[in-house]
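Down below is the structure, laid out as C-alpha cells.
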Amino acid sequence: MRYHTHIATSIAAGASVAVGTDVSFTFPYVAGIVIGSLLPDIDEPNSYIGRRTFGLSKVIKSIFGHRGITHSLLACGLIFYLYQLYSNEFMLGIACGYAFHIAGDFFSKRGVPLFSPIIKRKIKSPLTYETGSPSETIIFYLAMVSCVYMLYKYQLYLQLI
Ligand SMILES: [Zn+2]
C-alpha cells in the first residue's frame, strides 16, 4: 500500500472509531493517525517516511528487513503500551494509525509477519489487493469518500477545530 492510501484508510478507520466510541476526532488525534499510519514503513529506506529518517531506516531494514518486525502484533502492542504510558489524544492516534497500517498491509498480496519474531512467515487476508494496482486506487477513493461522509454526517469536523 502506498503512503497516501495508508493515510486515507487510516483516517477513515480513525473516523469510524470516533463515530463508534467516545474518542474525539481532534486535531492531535488525526495528526497522530497520519504519523502512526506511516511509521511501520520506517523499515524501508525508499518509503515516504524512510526517506526522511536520515539513514535510520537503512539500519532498521538491515537488521529486520522490510515488512519485518515493524509490521507485527508485537510492535503494535509496544506502541499501544507507549500509549498507556503517555495517554493523550496524539499517542492514541499514533497507536491507532500504526494498527491501521498493519491491517492495510494485511490485505496486500505480500501480507505481513503478524507473529514475528516467533513465526516469520507473512500472513495475508484471503481477499487481497496489489500495491499500486487499480484496486488500491479504488480503496484510496473509497476511503476518501467515507472520510468526507463521516465528517459531515456525524459532524466530526466540529471536533477538529
Ligand atoms: Zn507497510
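Counting convention: from 1, in listed order, for ligands and their atoms alike. Hydrogens, waters and symmetry mates are skipped; everything else that's a heavy atom, side chains included, is used. It should be emphasised that the depicted structure is a prediction, and the values quoted were computed from it without experimental measurement.
The aromatic rings of H101 and H6 sit parallel to each other, their planes meeting at less than 30°, with 60° as the upper class boundary.
Relative to the ring axis of F54, R52 does not place its NZ or CZ within 45° and under 6.0 Å from the centre.
No side-chain donor-acceptor contact under 3.5 Å links Q159 and S24.
Less than 2.8 Å away from the Zn ion (ligand 1), the protein contributes these N/O/S atoms: D41 OD1, H71 NE2, H101 NE2, D105 OD2.
Under the ring-ring contact (aromatic ring centres under 6.0 Å, His included) criterion, Y157 pairs with Y152, not counting sequence neighbours.
Distance check: R67 CZ to K61 NZ gives 12.0 Å after rounding to the nearest 0.5 Å.
Under the 4.5 Å side-chain heavy-atom criterion for grouping Ile, Leu, Val, Met, Phe, Trp and Tyr, F140 is not connected to I7 through any hydrophobic cluster.
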